[in-house]
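Notes to accompany the following structure.
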Amino acid sequence: MAKRLSREQKREKAVIDLINQMFIIAGHDVTYDDILGVDDWFRKYTMTVEQGEEFKKWGKKYLMKELRMRAGAAEKEMMWFNVMWGLTYSNWEDYYKLKGN
(Lines give C-alpha, C1' and ligand atoms only; values in the text may rest on other atoms or scores of the structure.)
Protein backbone atom coordinates (compact mmCIF):
# COMPACT_ATOMS: atom_id res chain seq x y z
CA MET A 1 0.00 0.00 0.00
CA ALA A 2 1.38 3.42 -0.98
CA LYS A 3 2.19 5.82 1.83
CA ARG A 4 -0.11 8.83 1.94
CA LEU A 5 1.51 12.18 1.33
CA SER A 6 1.69 14.65 4.19
CA ARG A 7 0.01 18.03 3.79
CA GLU A 8 3.42 19.63 3.11
CA GLN A 9 4.29 17.00 0.50
CA LYS A 10 0.94 17.60 -1.22
CA ARG A 11 1.66 21.34 -1.36
CA GLU A 12 5.15 20.73 -2.79
CA LYS A 13 3.69 18.38 -5.41
CA ALA A 14 1.05 21.01 -6.24
CA VAL A 15 3.73 23.66 -6.91
CA ILE A 16 5.58 21.28 -9.24
CA ASP A 17 2.36 20.29 -11.04
CA LEU A 18 1.31 23.94 -11.40
CA ILE A 19 4.69 24.99 -12.81
CA ASN A 20 4.68 22.09 -15.28
CA GLN A 21 1.13 22.89 -16.42
CA MET A 22 1.96 26.61 -16.72
CA PHE A 23 4.75 25.74 -19.16
CA ILE A 24 2.44 23.42 -21.13
CA ILE A 25 -0.28 26.08 -21.44
CA ALA A 26 2.32 28.72 -22.38
CA GLY A 27 3.71 26.42 -25.08
CA HIS A 28 7.21 26.02 -23.64
CA ASP A 29 9.01 22.68 -23.82
CA VAL A 30 10.31 23.05 -20.25
CA THR A 31 9.53 21.29 -16.97
CA TYR A 32 10.07 21.95 -13.28
CA ASP A 33 13.20 19.76 -13.41
CA ASP A 34 14.68 21.99 -16.14
CA ILE A 35 14.34 25.18 -14.08
CA LEU A 36 15.32 23.71 -10.71
CA GLY A 37 18.23 25.76 -9.38
CA VAL A 38 18.04 28.36 -12.18
CA ASP A 39 17.88 31.94 -10.88
CA ASP A 40 15.08 34.15 -12.22
CA TRP A 41 13.82 31.38 -14.52
CA PHE A 42 10.33 32.96 -14.55
CA ARG A 43 11.75 36.03 -16.35
CA LYS A 44 13.10 33.91 -19.23
CA TYR A 45 9.70 32.65 -20.41
CA THR A 46 6.47 34.42 -21.28
CA MET A 47 2.82 33.65 -21.84
CA THR A 48 -0.07 35.65 -23.23
CA VAL A 49 -2.75 37.16 -21.00
CA GLU A 50 -5.19 34.63 -22.49
CA GLN A 51 -2.87 31.74 -21.60
CA GLY A 52 -2.56 33.21 -18.12
CA GLU A 53 -6.35 33.22 -17.71
CA GLU A 54 -6.53 29.60 -18.92
CA PHE A 55 -3.79 28.65 -16.45
CA LYS A 56 -5.56 30.37 -13.53
CA LYS A 57 -8.76 28.44 -14.30
CA TRP A 58 -6.86 25.16 -14.58
CA GLY A 59 -4.95 25.87 -11.36
CA LYS A 60 -8.08 26.75 -9.41
CA LYS A 61 -9.75 23.45 -10.39
CA TYR A 62 -6.55 21.53 -9.64
CA LEU A 63 -6.19 23.07 -6.16
CA MET A 64 -9.85 22.48 -5.35
CA LYS A 65 -9.52 18.81 -6.31
CA GLU A 66 -6.01 17.92 -5.10
CA LEU A 67 -5.75 20.09 -1.97
CA ARG A 68 -9.50 20.25 -1.32
CA MET A 69 -9.53 24.02 -1.23
CA ARG A 70 -12.67 26.07 -1.47
CA ALA A 71 -13.07 28.15 -4.63
CA GLY A 72 -12.13 31.46 -3.00
CA ALA A 73 -9.06 30.01 -1.31
CA ALA A 74 -7.94 28.37 -4.57
CA GLU A 75 -8.31 31.69 -6.44
CA LYS A 76 -6.22 33.47 -3.79
CA GLU A 77 -3.61 30.72 -3.91
CA MET A 78 -3.37 31.13 -7.71
CA MET A 79 -2.88 34.89 -7.29
CA TRP A 80 0.00 34.23 -4.88
CA PHE A 81 1.41 31.60 -7.23
CA ASN A 82 1.41 34.16 -10.07
CA VAL A 83 3.15 36.75 -7.90
CA MET A 84 5.85 34.28 -6.90
CA TRP A 85 6.34 32.14 -10.01
CA GLY A 86 4.06 33.40 -12.77
CA LEU A 87 5.46 34.04 -16.22
CA THR A 88 5.54 37.56 -17.65
CA TYR A 89 2.72 38.38 -20.07
CA SER A 90 4.06 38.95 -23.57
CA ASN A 91 1.00 40.87 -24.83
CA TRP A 92 -0.05 42.87 -21.76
CA GLU A 93 -0.17 46.28 -23.49
CA ASP A 94 -1.92 44.99 -26.63
CA TYR A 95 -4.46 43.11 -24.51
CA TYR A 96 -5.45 46.24 -22.57
CA LYS A 97 -5.61 48.39 -25.70
CA LEU A 98 -8.10 45.89 -27.13
CA LYS A 99 -10.13 46.01 -23.92
CA GLY A 100 -10.28 49.80 -24.20
CA ASN A 101 -8.66 50.47 -20.83
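Note that the structure is predicted; figures quoted are calculated from it, not measured.
Under the rule for a ring-ring contact (aromatic ring centres under 6.0 Å, His included), F42 has no partner lying at least two apart in sequence or in another chain. Residues passing the ring-ring contact (aromatic ring centres under 6.0 Å, His included) test with F81, sequence neighbours excluded: F55, W85.
Both L36 and M22 are part of a single hydrophobic cluster, where members link through side-chain heavy atoms under 4.5 Å apart.
The residues D17 and K13 are annotated as salt-bridged, a charged nitrogen and a carboxylate oxygen being separated by less than 4.0 angstrom. Salt-bridge annotation for R11 and E77: present, with a side-chain N of the basic residue lying under 4.0 Å from a carboxylate O of the acidic one.
A pairwise comparison of heavy atoms in L87 and T46 identifies CD1-O, 4.0 Å as the closest pair. Across all non-hydrogen atoms, the minimal contact from M69 to A74 is SD-CA, 3.8 Å. Smallest separation of non-hydrogen atoms from K60 and M78: N-CG, 3.8 Å. Across every non-hydrogen atom of L5 and K10, the tightest pair is O-CE, 3.7 Å.
Outside the 6.0 Å centre-distance limit, the rings of Y45 and W41 are not counted as a close aromatic pair.
More than 12 heavy atoms of other residues, nucleotides or ligands shown are found within 6.0 angstrom of NZ on K44. Heavy-atom contacts from other residues, nucleotides or ligands closer than 6.0 Å to CG of D29 number 12 or fewer.
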side-chain contact (heavy atoms from CB on, under 4.5 Å) between I25 and W58, intermediate numbers included: CA-CA 10 Å; I25 290 172; W58 185 90; 4.2 Å; yes
V30/N20 under side-chain contact (heavy atoms from CB on, under 4.5 Å): CA gap, chis, key distance, verdict: CA-CA 8 Å; V30 182; N20 285 334; over 6 Å; no
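Distance CD1/I19 to OG1/T31: 10.0 Å, rounded to 0.5 Å.
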